[in-house]
Participant: 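Supplied in structure tokens, the structure appears directly below.
In what follows, every heavy atom counts, from backbone to side chain, and hydrogens, waters and symmetry copies are set aside.
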Amino acid sequence: MASATAWEQSAPGGYSYSPLTEINEYVMKIANFAVVEYGKESGTKVRLSEVIKGESSQVNEGINYRLTLSVVGEDYVSNIYEAVVWESLLLPLRILVSFIRL
């Protein structure tokens with residue numbers, strides 16, 4: 001396997017991420033999905049403040065979006081998280097893969 005360049009980072013399974021060229025409305029929908037799902041799973045009230053960075057990788061009939069997010073919690077304190085969302089290319093389906101505080 002070729003080594004990853006500065007703009008590509010290896011993902012599990014040997015896939016690589018490429019930077020998103022812009023944080024558009026579609027990326028914002030994916031980011032909001034990640035924050036809402038995290039809130040449901042953790043039982044906390046959180047809201048998206050900003051998408052800091054975004055990357056994508058095509059994997060297993062879908063796309064993984066790896067997003068660095070600024071998220072405001074119930075205490076009104078902003079924290080930085082990395083969210084990974086898998087979106088199917090075949091079905092209208094999104095899954096929150098991970099949501100980790102950095």
Participant: Would you check if the side chain of Ser57 reaches a backbone N or O of Asn64 as a donor-acceptor pair within less than 3.5 Å?
Facilitator: no
Participant: Do we see a donor-acceptor contact under 3.5 Å between the side chains of Ser49 and Ser78?
Facilitator: no
Participant: Please report the interatomic distance CD1(Ile95) to CG(Leu93), rounded to the nearest 0.5 Å.
Facilitator: 4.5 Å
Participant: Could you tell me whether the side chain of Tyr17 reaches within less than 4.5 Å of the side chain of Val84, counting heavy atoms only?
Facilitator: yes
Participant: Within a reach of under 6.0 Å around CD of Glu61, are more than 12 heavy atoms found that belong to other residues, nucleotides or ligands?
Facilitator: no
Participant: Would you call Glu87-Arg94 a salt bridge at under 4.0 Å N-O?
Facilitator: yes
Participant: Within this structure, what is the OG-NZ distance for the pair Ser70 and Lys53, rounded to the nearest 0.5 Å?
Facilitator: 14.5 Å
Participant: Which other residues end up in the same hydrophobic cluster as Val36, if Ile, Leu, Val, Met, Phe, Trp and Tyr are linked when side-chain heavy atoms come under 4.5 Å apart?
Facilitator: none
Participant: If I take atom CZ from residue Arg66 and atom CD from residue Glu55, how far apart are they, to the nearest 0.5 angstrom?
Facilitator: 4.0 Å
Participant: Got a sec, which hydrophobics cluster with Ile30, joining ILVMFWY side chains under 4.5 Å apart, including via others?
Facilitator: Leu20, Ile23, Tyr26, Val27, Met28, Phe33, Val35, Tyr38, Val46, Leu48, Val51, Ile63, Tyr65, Leu67, Leu69, Val71, Tyr81, Val85, Leu89, Leu96, Phe99
